[in-house]
**Student:** 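Dropping the structure in here first, questions after.
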Amino acid sequence: MRTPKERGNLGVVELISSDEQLATSNDLWGFQVTKFKKNIISGLAKVVNLPEENIERMLEIPTESNRGDFAFPCFQLSKIRHQPPSEIAMTIAKELGKIEGISSVENIGPYVNFRVDNTILTKEILSEIYQKKEKFGETDIGSNQTIVIDYSSPNIAKPFHVGHLRSTIIGNCLKNVYQALGYKVISINYLGDWGKQFGLLVLAFQKWGDKEKLKEDPLKYLYKLYVKVNQAAEEDPSLHSKARELFKRMENKDSEILEYWRKFRALSIKKYEEIYNRLGISFDVYSGESQYNEYMKKIIGEIKDKKLWQSSQGAKIIDLQEYNLNIALLKKEDGTTLYLTRDIAAADERYQKYHFHKMLYVVGTDQKLHFEQLFKILELLGRKWASHCIHVDFGRVQGMSTRKGKVIFLEDLLDEGQKRALEKMKTNLEKFSQLSNAKLTADICGLSAIIFADLSNKRIKNYEFDWNKILNFEGDTGLYLQNAHARIAGIMRKSGIELTDRIDYSLFKEKEAVSLIRWLTGYPEIVKLAGEKYEPSFLCTYLLELARYFHKAYHLMRVKGEVSTIARARMNLFWATKQVLGNGMKFLGMKLLERM
RNA sequence: AUCCUGGUAGCUCAAUUGGAUAGAGCAACAGCCUUCUAAGCUGUAGGUUGGGGGUUCGAGUCCCCCCCAGGAUGCCA
């Protein structure tokens with residue numbers, strides 16, 4: 001018998017299996033390297049007497065590239081054949097004849113290692129990039145199904161600070177990735193524009209409000225009021241009940257209170273749009289909790305009819321303890337609704353509208369229970385698509401507390417990034433003088449550093465906010481990527497070598513070139529993986545390594561001044577590197593620099 | 001108290017999801033700018049993967065027990 005805990009986890013298991021479907025549903029992975037893999041698999045099948053699917057699953061990529069491109073481990077065979085794995089590997093390596101496109105087969109210990117022919121591989125990958133350009137890495141595995149992504153979703157009563165950056169850029173990256181995977185993406189900014197906190201704000205504005213200051217900088221001013229009223233409420237708890245009273249009037253459509261609300265909302269959205277614009281982020285839909293007052297009545301009716309909820313201490317609750325999900329509160333004692341109630345309505349309405357294949361909520365991990373409750377309630381309401389809703393959670397930026405007033409505004413971070421980049425740029429006046437728009441370049445540099453600092457760690461990790469860490473320009477940072485990109489642009493401008501695919505693909509002898517070429521082949525797989533796992537950091541790690549391989553090659557393999565056959569071959573490789581680098585950086589949300 | 005996440009080099013993080021000798025960056029030290037961007041490159045040094053058991057050919061990764069940190073746990077969102 002399953003314990004409640006396991007039943008609670010069942011939803012997660014289902015989600016993972018649907019991901020695996022996504023992973024294996026494509027036989028045609030539009031990528032040439034699969035061809036080599038297939039040859040190896042069919043070659044092995046003749047020798048080891050295993051079904052091809054099993055062999056495919058067992059085949060790995062060696063940790064160190066000098067061992068080969070594919071490896072077949074013989075541990076499992078050792079059980080069947082009752083022989084040491086290293087002996088089996090040796091026999092297999094001997095029995096395998098010539099495999100098309102594979103230049104060497106050798107056994108190292110318990111593995112049979114395969115190396116793809118350099119020239120053939122180079123030709124395959126470089127011509128594919130040359131043909132596909134910005135479309136390299138795209139696939140149609142999404143077959144135009146709809147994915148709804150709910151991200152950024154700031155709370156209007158609270159400031160847009162550094163903590164909100166995560167949802168915004170993770171969501172934006174996933175949007176780009178899913179579009180590249182052939183999905184139709186609907187991006188929704190679901191504003192926190194309803195709830196008790198507006199009661200608090202109205203209260204504060206009635207007490208201390210100043211219309212002029214509000215117009216000047218609505219976000220910062222509302223924030224100041226919010227902090228002030230929270231501090232006051234600590235000494236005088238009756239303010240909370242007054243705020244609840246005001247919110248109740250809002251839900252009852254009291255026009256006087258709604259007037260305040262409308263003003264706060266409109267001014268805030270205007271300011272948000274400026275910030276999104278600067279980040280280069282846009283949404284298909286601006287929505288908000290306030291939009292669901294009518295639809296919510298329908299859902300509440302259904303919950304009542306299905307007898308899902310019960311009264312408790314004057315409030316309406318759904319007891320989810322048997323699923324290890326505590327108790328979900330849907331209506332307060334005073335009859336007003338909660339975040340969760342509105343989310344149920346919003347989810348249902350979205351499914352009616354979009355019939356999504358998946359819906360992603362990019363929201364902090366501190367709301368994990370909230371989403372588990374939400375998905376469970378949808379399931380209890382008989383919504384089969386509940387298992388297609390996914391909470392893409394992420395760790396907290398520590399050191400930001402709205403109520404205590406200890407926050408860093410995103411805008412200030414962007415400004416500081418720009419300032420520091422500008423200072424750095426001025427240390428090389430020769431380069432600096434060639435920039436047509438230094439301020440814009442500096443802004444892109446700052447933003448690249450910020451995006452990368454945030455996206456490069458795995459989503460789930462918390463991190464402490466640190467100016468110097470986020471705005472560091474050396475080492476593993478967004479600037480390392482921009483630098484590689486701009487350098488290749490420099491080669492293209494200055495070498496005098498034209499870009500062509502009529503090159504001799506056998507000219508890449510250096511080990512730096514071989515590594516770089518092999519790394520390029522992995523890009524489409526990484527895009528897919530980042531999508532499957534909702535993990536932008538995979539893309540970051542890949543791009544960092546790509547830039548590293550380039551930088552190593554760059555110092556050894558010149559283009560300018562070399563004999564033309566070599567120069568043209570190298571130009572093609574570096575251009576391809578720039579293309580792939582740029583494709584990935586755009587997914588992360590970076591604008592590309594040709595000079596810096 | 002219960003549940004969820006994390007814990008890897010002095011610091012910040014990787015590790016192709018159970019595979020081969022655990023890798024990068026920062027900080028430190030030693031080198032490289034008359035040649036396409038030095039925001040770069042080359043090298044040195046840095047480890048009992050929090051601790052202890054277990055599962056197996058094989059564990060940083062899976063299971064159990066502790067320790068530490070963060071978060072969540074009905075009238076916020």
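The structure displayed is predicted, hence computed values, not measured ones. Computed over heavy atoms, backbone and side chain alike; hydrogens, waters and symmetry mates excluded. Naming convention: chains lettered A, B, ... in sequence-line order (proteins, then strands); numbering from 1 in each chain.
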**Student:** Within the 4.0 Å heavy-atom criterion, would you say A:E333 contacts the bases, only the backbone, or no part of the nucleic acid?
**Tutor:** base
**Student:** What distance, rounded to whole Å, do you find between the two P atoms, one in B:A20 and one in B:G58?
**Tutor:** 14 Å
**Student:** Looking for any heavy atom pair under 4.0 Å, which part of the strands does A:S312 touch: base, sugar-phosphate only, or nothing?
**Tutor:** base
**Student:** So, does A:K431 get its side chain near the phosphate of B:A38, meaning an N or O under 4.0 Å from OP1 or OP2?
**Tutor:** no
**Student:** Taking only N and O in the side chain of A:Y480, is any of them less than 4.0 Å away from OP1 or OP2 of B:C41?
**Tutor:** yes
**Student:** Assign A:Q482 to base, sugar-phosphate, or nothing according to its heavy-atom contacts below 4.0 angstrom with the strands shown.
**Tutor:** nothing
**Student:** What's the closest nucleotide to the A:L329 side chain, out of B:C75, B:C36, B:A24?
**Tutor:** B:C75
**Student:** Does the side chain of A:R396 get closer than 4.0 angstrom to OP1 or OP2 of B:G6 through an N or O atom?
**Tutor:** no
**Student:** Do any side-chain nitrogens or oxygens of A:K316 fall under 4.0 Å of OP1 or OP2 in B:G74?
**Tutor:** no
**Student:** Of all the choices, B:G25, B:A39, B:U73, which nucleotide is nearest to the side chain of A:N483 once you look at every atom?
**Tutor:** B:A39
**Student:** Looking at A:R459, does any N or O in its side chain come under 4.0 Å of the phosphate oxygens OP1/OP2 on B:U5?
**Tutor:** no
**Student:** Counting only Watson-Crick or G-U wobble pairs whose two distances fall under 3.5 Å, which nucleotide matches B:C57?
**Tutor:** B:G19
**Student:** Looking at B:G58 and A:F75: do their rings stack (centroid distance under 5.5 Å, interplanar angle under 30°)?
**Tutor:** no
**Student:** Pairing donors with acceptors under 3.5 angstrom, does anything connect the side chains of A:S311 and A:K316?
**Tutor:** yes
**Student:** Using the benzene-type ring in the case of Trp, are the ring centres of A:Y534 and A:F394 under 6.0 Å apart?
**Tutor:** no
**Student:** Between B:G40, B:A15, B:C3, which one does the side chain of A:N324 approach most closely?
**Tutor:** B:C3
**Student:** Please report the distance separating the P of B:A39 from the corresponding atom of B:C26, rounded so that it comes out in whole Å.
**Tutor:** 13 Å
**Student:** Just checking, any donor-acceptor pair under 3.5 angstrom between side chains of A:T441 and A:R595?
**Tutor:** no
**Student:** Would you say a side-chain N or O of A:K494 is under 4.0 Å from OP1 or OP2 of B:U37?
**Tutor:** yes
**Student:** What is the separation between atom CZ on A:R595 and atom P on B:A39, rounded to the nearest whole Å?
**Tutor:** 16 Å
**Student:** Name the closest nucleotide to the A:Q398 side chain, picking from B:A39, B:C3, B:G70.
**Tutor:** B:G70
**Student:** With a 4.0 Å limit, can you tell me whether A:K79 has a side-chain N or O closer than that to the phosphate oxygens OP1/OP2 of B:C57?
**Tutor:** yes
**Student:** How far, in whole Å, is B:G51 from B:G7 if one measures between their P atoms?
**Tutor:** 13 Å
**Student:** On RNA chain B, check which nucleotide each of A:K368 and A:M557 is closest to and give me the residue with the more 5' one.
**Tutor:** A:K368
**Student:** Are any of A:Y111's side-chain N or O atoms less than 4.0 Å away from OP1 or OP2 of B:C57?
**Tutor:** no
**Student:** Scan side-chain atoms only and decide if A:Y480 and A:H551 contain a donor-acceptor pair under the 3.5 Å cut-off.
**Tutor:** yes
**Student:** From B:C57, B:G70, B:C76, pick the nucleotide closest to the side chain of A:N462?
**Tutor:** B:G70
**Student:** Can you tell me how far P in B:G23 sits from the matching atom in B:U16, rounded to whole Å?
**Tutor:** 13 Å
**Student:** Are A:K461 and B:A14 close enough that a side-chain N or O sits under 4.0 Å from OP1 or OP2?
**Tutor:** yes
**Student:** What's A:Q367 touching, base or sugar-phosphate or nothing? Going by heavy atoms closer than 4.0 Å.
**Tutor:** base
**Student:** Whole Å only: how far is the NZ atom of A:K196 from the C1' atom of B:A77?
**Tutor:** 10 Å
**Student:** At under 4.0 Å between heavy atoms, what does A:G109 touch on the DNA or RNA strands: base, sugar-phosphate, or nothing?
**Tutor:** nothing
**Student:** Ignoring the backbone of A:D366, work out which of B:G71, B:A77, B:G19 is nearest its side chain.
**Tutor:** B:G71
**Student:** With C1' as the reference atom in both, quote the distance from B:C62 to B:U17 in angstrom, rounded to an integer.
**Tutor:** 11 Å
**Student:** Select base, sugar-phosphate, or nothing to describe what A:E464 touches, counting heavy atoms under 4.0 Å on all strands.
**Tutor:** nothing
**Student:** Rounded off to whole Å, could you give me the CH2-to-P distance for the A:W467 and B:C26 pair?
**Tutor:** 23 Å
**Student:** Taking CZ from A:R67 and C1' from B:G19, how many angstroms apart are they, rounded to a whole number?
**Tutor:** 10 Å
**Student:** Nearest to the side chain of A:A315 - B:C75, B:U37, B:G6?
**Tutor:** B:C75
**Student:** Quick one: look up who B:C3 pairs with, Watson-Crick or G-U, both distances under 3.5 Å, and put none if it's unpaired.
**Tutor:** B:G71
**Student:** Between A:Y463 (OH) and B:A14 (P), how many Å, whole number?
**Tutor:** 13 Å
**Student:** Determine, stepwise, if the pair A:Q367 / A:D393 fulfils side chain to side chain donor-acceptor pair (under 3.5 Å).
**Tutor:** CA-CA 8 Å; A:Q367 291 189 33; A:D393 58 346; over 6 Å; no
**Student:** Provide, to the nearest angstrom, the distance between the CG atom belonging to A:L340 and the P atom belonging to B:U73.
**Tutor:** 12 Å
**Student:** What do you reckon, are the aromatic ring centroids of A:Y542 and A:W519 less than 6.0 Å apart?
**Tutor:** yes
**Student:** Contact class for A:D319 vs. all strands (heavy atom < 4.0 Å): base, sugar-phosphate, or nothing?
**Tutor:** nothing
**Student:** Go through B:G19, B:C4, B:A39 for me and flag the one nearest to the A:E60 side chain.
**Tutor:** B:G19
**Student:** Provide the distance between the two P atoms, one in B:C11 and one in B:U55, to the nearest whole Å.
**Tutor:** 33 Å
**Student:** Please give the distance between the P atoms of B:G25 and B:C63 as a whole number of Å.
**Tutor:** 33 Å
**Student:** If you find the nucleotide of RNA chain B closest to A:I61 and the one closest to A:M596, which residue's nucleotide is nearer the 5' end?
**Tutor:** A:I61
**Student:** Could you work out the separation of B:A15 and B:A9 based on their C1' atoms and round it to a whole Å?
**Tutor:** 14 Å
**Student:** Would you please classify the geometry between the A:F198 ring and the A:W261 ring as parallel, tilted or perpendicular, with 30° and 60° separating the classes?
**Tutor:** perpendicular
**Student:** How is A:P62 classified with respect to the nucleic acid when contacts are heavy atoms under 4.0 Å: base, sugar-phosphate, or nothing?
**Tutor:** base
**Student:** Check every atom of B:G40, B:A77, B:C57 against the side chain of A:L338 and return the nucleotide holding the closest atom.
**Tutor:** B:A77
**Student:** Within the structure shown, what part of the strands sits under 4.0 Å from A:I460 by heavy-atom distance: base, sugar-phosphate, or nothing?
**Tutor:** sugar-phosphate
**Student:** Roughly how many Å is it from CG in A:D466 to C1' in B:C26, rounded to a whole number?
**Tutor:** 12 Å
**Student:** So, does the side chain of A:T63 form a donor-acceptor pair with the base of B:G23 at under 3.5 Å?
**Tutor:** no
**Student:** Taking the side chain as C-beta and beyond, is there a heavy-atom pair between A:C74 and A:Y111 under 4.5 Å?
**Tutor:** no
**Student:** So, A:R420 and A:N472: side-chain donor and acceptor under 3.5 Å apart, yes or no?
**Tutor:** no
**Student:** Is the shortest heavy-atom distance from the side chain of A:V559 to the side chain of A:F574 under 4.5 Å?
**Tutor:** yes
**Student:** Please tell me which of the listed nucleotides, B:C41, B:A77, B:U37, lies nearest to the side chain of A:R548?
**Tutor:** B:C41
**Student:** Between the base of B:A27 and the side chain of A:N472, is there a donor and acceptor pair under 3.5 angstrom?
**Tutor:** no
**Student:** Any side-chain N or O of A:K331 less than 4.0 Å from the OP1 or OP2 oxygen of B:G74?
**Tutor:** no
